[in-house]
Structure formats: C-alpha cells, structure tokens
There are 2 protein chains.
Amino acid sequence: MGGDYLAGPQGLLRSINARAVLAVVDREGPLGRPEITRATGLSKTTVAQALRELIARDVVDEAGIDTARRGPAATLYRIAPRCAFGLGVDIGHLRVRVAVVDATGEVLARAEAPAPRRDAAALADTVTALASECAGRAGIGVAAVGQAVIGVPAIVGRDGRTIRRAYGLPRGGKGLVDAIARDLPMPLLLENDVNLAAVAEQRFGACADVGDFVLLGVGVGLGAGIVLGGRLHRGFAGGAGEVGFLPHPATELGTEVLGARRIAEQARAAGIAGRPSPRELFERARGGDEKALAVVDATARRIAHVAASIALVIEPELFVLGGAVGANADLLLGRVRHHLAKDAGPLPIRVIASGVPDDAVLRGAAWLARHHARERAFAAATGAPPQDAGPGGRPYDTDSAG
Amino acid sequence: MGGDYLAGPQGLLRSINARAVLAVVDREGPLGRPEITRATGLSKTTVAQALRELIARDVVDEAGIDTARRGPAATLYRIAPRCAFGLGVDIGHLRVRVAVVDATGEVLARAEAPAPRRDAAALADTVTALASECAGRAGIGVAAVGQAVIGVPAIVGRDGRTIRRAYGLPRGGKGLVDAIARDLPMPLLLENDVNLAAVAEQRFGACADVGDFVLLGVGVGLGAGIVLGGRLHRGFAGGAGEVGFLPHPATELGTEVLGARRIAEQARAAGIAGRPSPRELFERARGGDEKALAVVDATARRIAHVAASIALVIEPELFVLGGAVGANADLLLGRVRHHLAKDAGPLPIRVIASGVPDDAVLRGAAWLARHHARERAFAAATGAPPQDAGPGGRPYDTDSAG
DNA sequence: ACCCTGAGTAGGAAAGTTTCCGACCTACTC
DNA sequence: GAGTAGGTCGGAAACTTTCCTACTCAGGGT
C-alpha cells in the first residue's frame, strides 16, 4: 500500500535513541556515559537504559575505565569489536587477496594466492579456501562473518551479483558468485574494484571529508570510482565510471584511452625496444631516460584529458590518482596538473595522489563488508530504524529495490 | 559540539508523526482520517491529534466530505493551498518570465516581459515588477511569498547566489541578485536554467519515477541538468553539466561543441546562404531541404557524442532532449538514436523527448520555490524534524554548510 | 410503498502503557 | 570538602486500546 513514512509508537523513539547512542559511541571512540549524554542531548537515565539494552544485545562493550577526572572512575563504552565481522576479497588479474576484519575495522587476518586465470571453479575454490583460512586465523568460524564483499575487475550490476564485461576473469565471471556462494554461508556482494578503491580512499585516504570526488584508477585499464554526496555512484546498471572509453582526439571511438596496453603501444611509438612493463618504464623515467619520460608525459596527458572530461560532467571537488600506474604519483602528478592547467576548461581542477598506497581494493572491500555486517547487527539490536550516520548521508546502500 | 544525531524527548516523536501525516496527506491527495490511519500505521487518536495541530497551524485544510462509503460522512483533509507560496522566475536571453504558485503547485499568476540585455538594474526592476504584478493578480502580497527561485543562463554557486560565466546577462550577472533582493522580501535562490528544466522534467515530465537522468538542454548553448538519486547534482561549485565544452574530435578544446553559433557555422559550411535562425533551419528541414537536413544530422551527431560521453561517466537511466533546439524532437530524436547506436560504447543508451514542452525553466523554478516555501512552513508547523519524503530521498537541499 | 432494523463507519473520550526527564541520593577520588 | 559517576523514584508527555455515540445505507417485513 503506502510507502514507509517513519511514524510509529513510542518504541520507535527508543530505537532512534539507541541508534543515536550507538552512532556517538562509534564515532567518538570509547566514551564515558556523561560524554554520551552531552553528545546526544539525551538524559542520563535514557542513556543508561539504552546502554543496558545495547550491551545486552552484544553490540556495545565496556572498555576499561577513565580515571582522568577526579571523582569516581567512569566506565568507558565502545562498539563491541566482535559484534560483526566482514570479509573482503580482491580478485585481481594476478592474485586473489582476502582479509577478515572485525567491527572496528581492525584486520584480523589476511591471505593471498595466485589467481587461476582460466578456471572459474578453481578461482572460486581459491577464494573460499583463503576465506576459511583467514576466518580460522581470526579465531572465528566462517559462519560468524556477517557479510562478504568481493572486488572484481568488471562492471557489476546494481544487484551486486551480475557481472558484465569482465576481461580479467575466467568465463567472463559467469557463475563465479554462485560458485562462491555455494561454499560461503554469509551474504555476498560483488563490487567493481575501482569503486572499492574509492571507498578505501574515502575511509582511509585523503578524502575523509570530501563529499564529491573521483578516484582515477590507472592500471591494466582506466576506470573511475565516483563518490557523490559521500556515496558511491554506480550508475543505472553499474556502468558509471567506465571512462576508459571516453572519446579522445588521438584514439578511435570504442577503444580505450589508456591502460597497460596503450602504454606499451606508446613505448613502441617512442622508439623503446623490447617490451618493458609499465613498472619498468616508470623506473627508467625516474632514472632520467628521455624516451621513457616521453611515455610518462603522454600518459599524464591522457589522464588529464579524461579528468577534464569528467569534471565537465560532474565537477567533483577532487581527483585522486590511484591504481598500479597511478601510484607513480612522483612522476605523474605534476605532469597531470600541468596538462590540466594548460588546456583547462572553465573550472579549476584539483588532483592529488592516493592516500592508500597498498591493498586499496582489498581494504575497500573489507570496509564495505564490515559496514554492511555492522548495519545489520545494529538494526537487529536497535529495532531497525532506517537511520544511518555517515558523513554526508547514507553511504553505500546497494539498494536492490526488487 | 557534536553533530546532530536525531535523538530527543517524546516531543520528537510527535514531530515525526505530524510529519508523517503531512507527507501522506501531501502525496495521496485529499484523504479521510481512516485512510491516514492506515497509511501511517498510527492510531486513530494520534492521527486526530496530529491533524488538530496541523490545522491549527494552517498547513492542513478540511476539503469537503466523502460520502462514498456507508456510515457517517468522512471529513477529507488536504495540504492547505495557501500555507505557502512560491515565486518562479526565468531570466532567459530574450524574455523574463515570472509565475506565482500556491502550495499545491497551481499557477495563480504568470507574466512576462522582454529582458533588458545591457542594463542590470533594469533587468532587476523587470523581475521585481513582474513579481509584484503576479502576486497582486494572485491575490496576495509579495511578502506572503515564502521563497523565490530564479533561473539564469549561468553557472550558479552552491550558495544559490554567486553567478559565474553568465554570457547572456548584463555585467555577467554581477549584482543582479542583490538588486533583486533589495526589492523582494522573501528568500532568494538562483539556479542554473538547465537544472530547473531538469526539475520540471522530473516533476511534470517523463521522469517522475526515474532516479537518475540527464536533461540535455540544447539551445543557445549546450548544457546538461543532472539528476542523480532523485536529486539535482550541481557539482562542487555548481559547474556540473557544463558539457558544452566536452572534447569533440572536430572541435578545438575550450570551444563549445554545440549551440546556436555552431549550428549557424555548420549551415554556412553546408552551403546555406543567408543567416537562417536555427528555428528556420529546422523548418526547412521539415520541408525536405537537403542542406538543412544535413545540418540537423550534424547537430544530432554532436548531441549523440555528448550523450555518449556523459553516459560513460555517470550512466544515467535516461537522457531527455530539451531546450529550444532540442524541442525539435521529431527531427532530432531518431537521428540521435541512430548515431548513438552506431558508435555505441559499452552501454545501451535511452533517449526520449522532453515531456515539458512549454515554460520548462519557469515551471521548474516555480516548483522549486514552492518546495522550499512548503518545507519551511512544514518545518515550522511540526517542529522541524529533518525528514523529507520525496521519491528517492531528500530532494534539492541547497545545502550551504557554512 | 413505507418503515424498521442491523451492520458498518466516523469521530470522540477514558483508561492504560511506554518512554523520557528532572531531582535526589550514594559512593568515590582528588 | 568539592566535584563527578551512577542509580532510583516520581512526574510528565505521548501513543494505544477500548468503549461509546452518532450516522448512513441495505434489506426485509408490513
């Protein structure tokens, strides 16, 4: 019949207040009751009641005492680290990485292995084996994990299950989720790898307080992770950020502007013999090799070109350079800025280096998994009010409205 | 100190419930109490109490009785049409249009006049004079209007006051708002004209239930109104959607891809003598003129090019063709689709014609003004809970967090 | 053809329950 | 001794349930 209008009995108020207490404790770290009282504006009595309830439901913990002030020692409360666990997976072109984190985001275990490139079943087995291993090392059963998020180099549908255009996955990723889901009991969510890198940037990097930014993932291909209003923007069918195919004067339509293949091509064009990897090319450029530097500059120019196009459409506050190639910020950043300033459109554009040098995709996946697992635990503990206290609104609800 | 976590005393619950009742009444039109009770899930008593309060504060009205069922006649309730008024203004290149609407969105008065093109003061005077006239004809004082929204062909900052890159305004729009604000008592908000056309499309056109869409405004210039998650996306400094400057193979960087000037240029290139207006060109094309048709096709190709680029960045569900030139959907739509299908990127792209043929900018401005005026009235009447029941989340808060 | 009765609905009032808050009290530490 | 943490109790606010009255239509009896 009608939609939900958030109206209800007094119980709703209790839920809301419990949620508020939870949010304060989550954000401000271990906190004494008086501080929670001040931060929420609730009365002492109500805070005490809410905490009793939250502790009984195992989402809040006592974490020592605070003797800093005079008077009796204040009990400190925190989110119970073991109230929810998340499993992050990064299925890369070469390796599979897995991490298990607790509710605080602490990494309890991490493991990786080479990625089977041809055999979908073997890939799925690798994932589940690593997951079991990590769960074991974390001292929990796999069943205790509340959510898994799997990063893949592909376009992922809004349902978090469908894979499209997966170049680096066996059989185009067909059946991958189902195969993994058969062996892992918790809810599964797929996500584009660059999107997860953007999440990592937002949570651990330089974009903590930036509402709108774009992570340019320069690696095997070129992709953009777009965060608008503090939330990932995936597009209608998960295809947002496929900026590798943006038109470029020197490139045919329908081909990628930039990526490992393009860089190799430009290396040949610059007269570089052999087939040096991008990594080696950047190394040589660092050594002063003129030809390698020319390739670096061409790469920077194309990055700038793509950033300018994106800026004209959504004008983010900030661009972040990420990905395996983008990690060479020492060489790229200045040149990208130079080209942006040169043929600048109507708007000034800020570009910075990634603040998450290692494991960005994995860390983003783990963060997202933890987030969902926690939300579920919190909702169950407080009576499921749809409130959500992230900076800049509700983050990341992979809303499948169907 | 801390942020707001939406926690509070029982009074909060009353606010929330009043707000829910208001939202139901707003969405479902005139409604009897029993239906409100069902839709909100609240008890009869509470609904009665809320309605008493809302009526006392003049935001809700009795609107006749319902004798359809047997039993005693049920009183019907609705949003009081006179609880808030909005003033919409469209400052175009040639004419200024103004409309006054009531809380239901009904247009109470509309007026227009030629736009003074050189004199900023005269332009401001035109606006205020038309506003006074409309308010008079609507039977209210200008002071009764709760919000004005002014559409301008320019980039508008997030504060809704600053104007940048206003080609069609005297003195680049400098001082325009202040001059108008001196004579109009209500809060003023500027907005980009294409953005307002997008709002109109969302509210009156074909995009009522589409969360993510892009309105391509093809007129004197080319701009995009971007709606993501049901909300306008303005960009960091209001510059989102400046897609007229997207790179195009046949165009130099920093120049516009499309617009009246480009079309004239292409007409010359096609060997058309004289300087026919775009309108005339499309007329001739309709008559079968080969050269004019060539120009139309070239225009369509460029529109397709821009749409494809936008789709690669944000992948909206839908593109809508609007603006004075875009209104020639009979000629353009098929050709745009053709070109999109031809050099399609990885994603299928839907394009439709605008569903708001007339006064799109004005209607969008009026809608937005009404929206803000109403929100303010509702907040005052219910005790200002930050809830907001639009389809797909909170719409259009011009959040100036400063 | 007219009237009476029963069922279903709208609206209101009283009693009961849940929840929050303020005030008071105790215990603890500097 | 002063200031703080934590607990308890009575009061106020808000919602719900239950009961009650009044009204209208439908159907059957006279």
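All heavy atoms count here, side chains included; hydrogens, waters and symmetry mates do not. Quick caveat, the model's predicted, so the values are computed rather than measured.
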**Prompt:** Sequence neighbours excluded, which residues qualify as salt bridge (charged side-chain N to carboxylate O under 4.0 Å, His left out) partners of Asp66(A)?
**Reply:**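 Partners of Asp66(A) by the salt bridge (charged side-chain N to carboxylate O under 4.0 Å, His left out) criterion, ordered by chain and then number, come out as Arg69(A).
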
**Prompt:** Does Asp102(B) have any salt bridge (charged side-chain N to carboxylate O under 4.0 Å, His left out) partners at least two apart in sequence or in another chain, and if so, which?
**Reply:**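 Partners of Asp102(B) under the salt bridge (charged side-chain N to carboxylate O under 4.0 Å, His left out) test: none.
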
Round to the nearest Å and state the distance from [X] atom [atom1] to [N] atom [atom2].
{"X": "Ile65(B)", "N": "dG11(C)", "atom1": "CD1", "atom2": "P", "value": "10 Å"}
{"X": "Arg33(A)", "N": "dT4(D)", "atom1": "CZ", "atom2": "C1'", "value": "13 Å"}
{"X": "Leu12(B)", "N": "dC20(C)", "atom1": "CG", "atom2": "P", "value": "11 Å"}
{"X": "Ile36(B)", "N": "dT9(C)", "atom1": "CD1", "atom2": "P", "value": "17 Å"}

For [X] versus [Y], what's the shortest heavy-atom pair and its separation?
{"X": "Asp61(B)", "Y": "Pro81(B)", "result": "OD2-CD, 3.4 Å"}
{"X": "Pro187(A)", "Y": "Arg376(A)", "result": "CG-NH1, 3.4 Å"}
{"X": "Val145(B)", "Y": "Gly86(B)", "result": "CG1-C, 3.9 Å"}
{"X": "Phe213(A)", "Y": "Ala198(A)", "result": "CZ-O, 3.4 Å"}
{"X": "Pro185(A)", "Y": "Ala143(A)", "result": "CG-CA, 3.8 Å"}
{"X": "Cys83(B)", "Y": "Phe378(B)", "result": "SG-CE2, 4.1 Å"}

**Asked** Through what angle, rounded to 10 degrees, does the axis of the helix from dA1(C)-dT30(D) to dC30(C)-dG1(D) turn between its ends, using five pairs per end?
**Response**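 Both end axes considered, the difference amounts to 0°.
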
Could you tell me whether [X] and [Y] have a side-chain N and a carboxylate O separated by less than 4.0 Å?
{"X": "Arg33(B)", "Y": "Glu62(B)", "value": "no"}
{"X": "Glu106(B)", "Y": "Arg82(B)", "value": "no"}
{"X": "Arg234(B)", "Y": "Glu191(B)", "value": "yes"}

**Request:** Determine, for Phe204(B) and Arg363(B), whether the Lys NZ or Arg CZ falls below 6.0 Å from the six-membered ring centre while staying within 45 degrees of the axis.
**Result:**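 Ring-cation test returns yes.
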
**Asked** In residues 51-58 of chain B, what residues come within less than 4.0 Å of DNA chain D, judged by heavy atoms?
**Response**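 By residue number: none to list.
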
**Message:** Quick one, Ile79(A) with Leu22(A), criterion side-chain contact (heavy atoms from CB on, under 4.5 Å). Give me CA distance, side-chain angles, the key distance, then yes/no.
**Reply:** CA-CA 8 Å; Ile79(A) 304 292; Leu22(A) 209 44; 3.7 Å; yes

Please list, pair by pair, any protein nitrogen or oxygen found under 3.5 Å from a nitrogen or oxygen in nucleotides 13-15 of chain D.
| residue | atom | partner | partner atom | Å |
| --- | --- | --- | --- | --- |
| dC15(D) | OP1 | Asn17(B) | ND2 | 2.8 |
| dC15(D) | OP2 | Arg14(B) | NH2 | 3.3 |

**Fill in**
Expected string for nucleotides 19-27 of chain D under the B/S/- scheme (protein heavy atoms, under 4.0 Å, primed atoms plus P, OP1, OP2 as sugar-phosphate) is ---BBBBS-

**Message:** Checking contacts here: which listed nucleotide (dT16(D), dG12(C), dA23(C)) is nearest the side-chain heavy atoms of Thr45(A)?
**Reply:**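 Looking only at heavy atoms from C-beta outward on Thr45(A), the closest nucleotide is dA23(C).
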
